[in-house]
Colleague: 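Handing you this structure, nothing more for now.
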Amino acid sequence: MNERAMTADGYIKDQDYTDDIPYGYWPSSFNGCGWIAVYNFMHGMGMPDSPETVYADMLRILPYEGRRGTPFPTMAEFFRKRGIPASRHYGEKGLLKKISGVPAGIVRYVERGEPHYVAFVRTGEERYRFFNSADGMEDIETDMQHFVEEHVTRKDLIRLLLPGKRKAPKG
């Protein structure tokens, strides 16, 4: 992994520096925001997986030969196969309530016609650090409302993947 793609504390902040990593049909610099967001989410949750491990596991389940990026259900499948509880949420309604208190998450949104995934980690009361956002904002800290106002141009297409609750074992 190109060191310019990484933050000092181990997150991937800029997919522009992943052009040498193919993700399906396209290079990760064009099409890799999904696996990058999954890695950053896991890193934010304190899971030990390396970027290379997450990349390889996501690549194995990537549909359509990677021509359409990472579908939201494929991302959920990754967590399900690993036994990591995650919940999916669709649309802007109640968005701020849904993220209240979560340690990390992934937001999928459309900005100026382009779908994109970004991971975020909680840094304080209603404050989050976002990774791999827009050029010049690869590692920013703000509140979710400001992030949505600045980046999300299709509010009806916003999606969240958040940590889920583990179910108690039966028996």
Side-chain angles (χ1 to χ4, degrees), residues 1-79 81-82 84 86 99 102-123 127-144 146-154 157-163:
M1 179 75 62
N2 185 321
E3 66 184 43
R4 294 188 305 181
M6 305 294 293
T7 65
D9 54 349
Y11 292 96
I12 300 173
K13 69 174 181 175
D14 194 343
Q15 80 182 69
D16 289 345
Y17 295 104
T18 62
D19 56 344
D20 60 337
I21 304 170
Y23 186 58
Y25 185 79
W26 308 101
S28 288
S29 57
F30 176 75
N31 203 35
C33 62
W35 78 261
I36 290 169
V38 168
Y39 166 74
N40 284 336
F41 170 81
M42 293 180 66
H43 187 68
M45 294 292 292
M47 297 177 193
D49 299 82
S50 69
E52 294 79 11
T53 299
V54 171
Y55 162 77
D57 288 351
M58 288 291 294
L59 190 58
R60 276 194 273 291
I61 62 172
L62 184 65
Y64 315 118
E65 298 175 348
R67 292 178 188 272
R68 297 185 185 172
T70 305
F72 198 56
T74 301
M75 190 173 283
E77 177 185 350
F78 170 88
F79 290 106
K81 284 185 172 192
R82 288 176 156 234
I84 300 168
I99 65 165
V102 299
I106 296 172
V107 60
R108 182 192 184 279
Y109 60 97
V110 175
E111 183 172 13
R112 292 185 303 273
E114 296 292 324
H116 193 50
Y117 287 105
V118 169
F120 59 91
V121 296
R122 185 182 170 122
T123 58
R127 300 286 296 176
Y128 300 92
R129 187 174 169 199
F130 296 84
F131 304 98
N132 192 37
S133 183
D135 287 340
M137 299 179 168
E138 291 88 354
D139 182 0
I140 62 166
E141 184 178 338
T142 188
D143 59 74
M144 183 62 77
H146 183 259
F147 183 85
V148 169
E149 288 169 2
E150 291 293 315
H151 297 282
V152 180
T153 54
R154 288 281 315 266
L157 295 179
I158 195 166
R159 302 189 180 356
L160 287 172
L161 188 133
L162 303 173

Colleague: Can any side-chain N or O of N40 pair as donor or acceptor with the backbone N or O of I12 at less than 3.5 Å?
Modeller: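 Between the backbone of I12 and the side chain of N40 there is a qualifying donor-acceptor contact (under 3.5 Å).
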Colleague: For the residue pair G44 and Y11, what are the closest heavy atoms and their distance?
Modeller: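 Between these two residues, the closest heavy atoms are CA-OH, 3.3 Å.
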Colleague: Passes salt bridge (charged side-chain N to carboxylate O under 4.0 Å, His left out), D49 versus R82? Steps please.
Modeller: CA-CA 12 Å; D49 299 82; R82 288 176 156 234; 2.7 Å; yes
Colleague: Assess whether side-chain contact (heavy atoms from CB on, under 4.5 Å) is satisfied between I61 and K81, documenting all intermediate values.
Modeller: CA-CA 10 Å; I61 62 172; K81 284 185 172 192; 3.6 Å; yes
Colleague: With sequence neighbours left out, write down each residue that passes side chain to side chain contact (heavy atoms under 4.5 Å, CB included) with R122, or none if nothing qualifies.
Modeller: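 For R122, the residues satisfying side chain to side chain contact (heavy atoms under 4.5 Å, CB included) (neighbours in sequence not counted) are E125, Y128.
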Colleague: Which pairs count as salt bridge (charged side-chain N to carboxylate O under 4.0 Å, His left out) when at least one residue sits in residues 13-36, sequence neighbours excluded?
Modeller: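 Found none.
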Colleague: I'd like to know whether M144 forms a side-chain contact (heavy atoms from CB on, under 4.5 Å) with F130, so could you lay out the CA-CA distance, the side-chain angles of the two residues, the decisive distance to 0.1 Å, and finally the verdict.
Modeller: CA-CA 9 Å; M144 183 62 77; F130 296 84; 4.0 Å; yes
Colleague: Per the side-chain hydrogen bond (donor to acceptor under 3.5 Å, both in side chains) rule, which among T142, D9, T123 passes with R129?
Modeller: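 For R129, the side-chain hydrogen bond (donor to acceptor under 3.5 Å, both in side chains) check succeeds only for D9.
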Colleague: Looking only at heavy atoms, what is the nearest atom pair of M1 and P51, with distance?
Modeller: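 Heavy-atom minimum between the residues: CE-CB, 3.9 Å.
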Colleague: Compare every heavy atom of G32 with every heavy atom of Q15, then report the nearest pair and how far apart it is.
Modeller: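 Shortest heavy-atom separation between Q15 and G32 comes out as NE2-N, 3.8 Å.
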Colleague: Considering non-hydrogen atoms only, spot the tightest contact between P103 and M45 and give its length.
Modeller: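 Closest approach of P103 to M45: CG-SD, 3.5 Å.
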Colleague: Kindly assign one of parallel, tilted or perpendicular to the pair W26 and F30, based on the angle between their ring planes and the thresholds 30° and 60°.
Modeller: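 Tilted, since the angle between the ring planes falls between 30° and 60°.
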Colleague: Do I140 and H146 touch side chain to side chain, with heavy atoms closer than 4.5 Å?
Modeller: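 They are not in side-chain contact.
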Colleague: Walk me through it: do E111 and H116 pass the test side-chain contact (heavy atoms from CB on, under 4.5 Å)?
Modeller: CA-CA 7 Å; E111 183 172 13; H116 193 50; 5.8 Å; no
Colleague: Are any side-chain N or O atoms of T153 and backbone N or O atoms of R112, one a donor and one an acceptor, separated by less than 3.5 Å?
Modeller: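 Between the backbone of R112 and the side chain of T153 there is a qualifying donor-acceptor contact (under 3.5 Å).
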Colleague: Would you say the side chain of H151 lies within less than 4.5 Å of the side chain of V107, judging by non-hydrogen atoms?
Modeller: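 Counting from C-beta outward, V107 and H151 never come under 4.5 Å.
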Colleague: Determine whether F41 and V54 make a side-chain contact, defined as any pair of heavy atoms from C-beta on separated by less than 4.5 Å.
Modeller: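 No, every pair of side-chain atoms sits at 4.5 Å or beyond.
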Colleague: Taking only distance into account, with no hydrogens and no angle test, what donor-acceptor pairs under 3.5 Å do side-chain atoms of residues 63-73 form with protein atoms, sequence neighbours excluded?
Modeller:
| unit_1 | atom_1 | unit_2 | atom_2 | d |
| --- | --- | --- | --- | --- |
| E65 | OE1 | R67 | NE | 3.4 |
| T70 | OG1 | Y23 | OH | 2.9 |

Colleague: May I ask you to test the F79-M42 pair for a side-chain heavy-atom distance under 4.5 Å?
Modeller: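 Sidechains of M42 and F79: in contact.
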Colleague: How long is the straight-line distance from CD1 of I99 back to CG of L160, given to the nearest 0.5 Å?
Modeller: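 Result: 7.0 Å between the selected atoms.
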Colleague: Does S133 reach the main-chain N or O of E138 with its side chain, forming a donor-acceptor pair under 3.5 Å?
Modeller: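 Looks like no, no N/O pair under 3.5 Å.
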Colleague: Report the distance from atom CD1 of I36 to atom CD1 of I106, rounding to the nearest 0.5 Å.
Modeller: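 Atom-to-atom, I36:CD1 and I106:CD1 are 11.5 Å apart.
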Colleague: Are Y55 and I21 packed together at the side-chain level, in the sense that at least one heavy-atom pair is separated by less than 4.5 angstrom?
Modeller: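 When only atoms from C-beta onward are counted, I21 and Y55 do touch, with a gap below 4.5 Å.
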Colleague: Looking at every heavy atom in both V118 and N132, which two are closest together, and how far apart are they?
Modeller: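 Taking V118 first and N132 second, the nearest heavy atoms are CG2-O, 3.7 Å.
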Colleague: Check whether any side-chain heavy atom of Y109 lies under 4.5 Å from a side-chain heavy atom of V148, and answer yes or no.
Modeller: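 No, side chains not in contact.
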Colleague: Could you walk me through whether V121 and F131 pass the side-chain contact (heavy atoms from CB on, under 4.5 Å) check?
Modeller: CA-CA 9 Å; V121 296; F131 304 98; 3.9 Å; yes
Colleague: Do the ring centers of F120 and F147 come within less than 6.0 Å of each other?
Modeller: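 No, too far apart.
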